[in-house]
Amino acid sequence: MLPVVLLLAACAAPVPSPPPSARPTTSSTPTVNLIPTVTPGIINLHMFTPAVGWAQRQSDGAILHTTNGVLRWGVAAPGIGTEQIIAVAFVDAGAARLLAAVVPSPDNAGAKAVITSWASDDGGAHWTRRGSMTDIALLGQPPGSLDFVDRQHGWYSITGLGAAGSSAIFIYRTSDGGAEWSEVDRTYVSPTPGQSKVPAGCDKNPASFINATTGWVTAQCNGGPYFMYVTHDGGLSWRNQALAFPTSQYGSQTSPPRFTTSKDGCID
């Protein structure tokens with residue numbers, strides 16, 4: 001496979017928990033929950049055409065979909081009961097993926113959560129419950145970030161577990177729309193054994209992918225060279241991608257690349 005060429009340009013304006021593990025389960029029960037509404041406060045806006053797009057309601061994080069522009073939205077969320085939506089990815093004009101979980105209460109500090117994957121391919125009118133990930137400690141931890149490059153290939157990153165300018169990162173991958181998940185990387189604050197994995201050190205951003213195989217992990221560092229690691233096998237292995245920027249004694253920061261074509265992109 002030919003690697004993606006990254007063209008750099010100026011872009012517009014605590015101790016970690018025990019390692020989680022992924023165990024796939026599946027369910028195919030659809031749910032319907034589509035209610036037209038006018039919603040004044042929205043976040044996480046993704047428009048795929050001037051009329052069609054996705055967002056979340058600011059008050060409660062509910063999934064919204066529109067085919068009439070940004071002034072009128074419909075609530076397009078699955079029936080998840082007592083679960084909370086913890087990560088969302090809007091794939092295209094009709095498809096969305098999300099992760100939901102029952103987050104343990106403060107009285108159950110050591111409890112592990114079951115994270116459930118949901119999928120919709122018809123603008124949120126119907127949702128299918130897909131696979132799940134277990135043995136993940138969510139209490140007091142960041143909820144993580146979900147990234148899908150198409151309707152099948154996605155990654156879930158948990159970052160921010162750390163201290164003293166360093167953070168851990170756990171990365172999970174699916175290649176069937178969320179029916180099954182596998183752990184492809186687990187990096188703690190202190191160095192971990194193994195070759196070609198994301199190294200310890202620096203405050204990491206979630207993994208960001210451009211296609212089914214190529215993605216990056218970037219970070220903010222208190223010192224040393226710029227932190228940018230690339231994978232060309234979906235996250236199974238990582239290597240440093242050098243940047244032609246001068247280093248600074250005050251540290252450095254790189255953000256996930258943003259692309260305008262399959263080869264042309266920029267980073268902050």
Side-chain angles (χ1 to χ4, degrees), residues 14 16-35 37 39-46 53-65 73-91 95-121 123-148 154-161 167-174 177-181 183 205-207:
S17 304
S21 60
R23 299 189 184 121
T25 61
T26 60
S27 173
S28 58
T29 304
T31 62
V32 180
N33 185 17
L34 185 61
I35 306 172
T37 183
T39 306
I42 61 172
I43 57 175
N44 196 17
L45 175 66
H46 289 254
W54 297 86
Q56 289 182 267
R57 189 162 56 195
Q58 188 173 24
S59 60
D60 60 3
I63 306 301
L64 307 175
H65 188 258
W73 296 86
V75 177
I80 58 176
T82 59
E83 293 182 317
Q84 301 176 32
I85 296 174
I86 61 172
V88 179
F90 300 131
V91 185
R97 304 290 183 262
L98 67 82
L99 298 177
V102 176
V103 179
S105 69
D107 297 333
N108 298 316
K112 307 292 183 176
V114 176
I115 298 178
T116 305
S117 177
W118 293 81
S120 176
D121 291 332
H126 299 80
W127 289 82
T128 301
R129 181 173 177 169
R130 307 302 301 274
S132 63
M133 293 174 278
T134 63
D135 294 338
I136 298 179
L138 289 180
L139 184 61
Q141 312 292 11
S145 178
L146 191 61
D147 182 27
F148 271 79
W155 294 262
Y156 176 53
S157 302
I158 301 177
T159 62
L161 314 174
S167 67
I169 185 169
F170 304 140
I171 305 174
Y172 301 88
R173 180 179 68 172
T174 181
E180 295 187 6
W181 293 85
E183 185 182 82
N205 298 310

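A pairwise comparison of heavy atoms in Ile169 and Asn205 identifies CD1-O, 3.8 Å as the closest pair. When all heavy atoms are compared, the tightest approach of Phe148 to Ala89 is CD1-CB, 3.9 Å. When all heavy atoms are compared, the tightest approach of Gln56 to Gly61 is NE2-O, 2.8 Å. Between Gly123 and Ala76 the shortest heavy-atom distance is O-CB, 3.6 Å. The minimum heavy-atom distance between Ala87 and Gly144, with the atom names listed, is CB-O, 4.2 Å. Residues Leu64 and Arg57 approach most closely at CD1-N, 3.7 Å, considering heavy atoms.
Taken to the nearest 0.5 Å, the OG1 atom of Thr116 stands 9.0 Å off from the CD1 atom of Ile86. Expressed to the nearest 0.5 Å, how far CD1 of Ile63 lies from CH2 of Trp73 amounts to 11.0 Å. Note that CG of Leu98 and OG of Ser117 are 7.5 Å apart. Values are rounded to the nearest 0.5 Å. For the atom pair OG of Ser167 and CD1 of Ile158, the computed distance is 12.5 Å after rounding to the nearest 0.5 Å. One finds the OH atom of Tyr156 at 14.0 Å from the OG1 atom of Thr174 (value rounded to the nearest 0.5 Å). Rounding to the nearest 0.5 Å gives a distance of 12.0 Å between CD1 of Ile42 and OG of Ser59.
With sequence neighbours excluded, the residues satisfying ring-ring contact (aromatic ring centres under 6.0 Å, His included) with Trp54 are His65, Phe90. Every residue was checked against the side-chain hydrogen bond (donor to acceptor under 3.5 Å, both in side chains) condition with Asp147, not counting sequence neighbours, and none meets it.
In summary, of the residues considered (Leu99, Ile80, Thr128, Val88), a side-chain contact (heavy atoms from CB on, under 4.5 Å) with Trp118 occurs for Ile80 alone.
In this structure, the side chain of Ser120 does not engage the main chain of Ala95 through any donor-acceptor pair within 3.5 Å.
For the pair Asp121 and Arg97, the minimum side-chain heavy-atom distance is below 4.5 Å.
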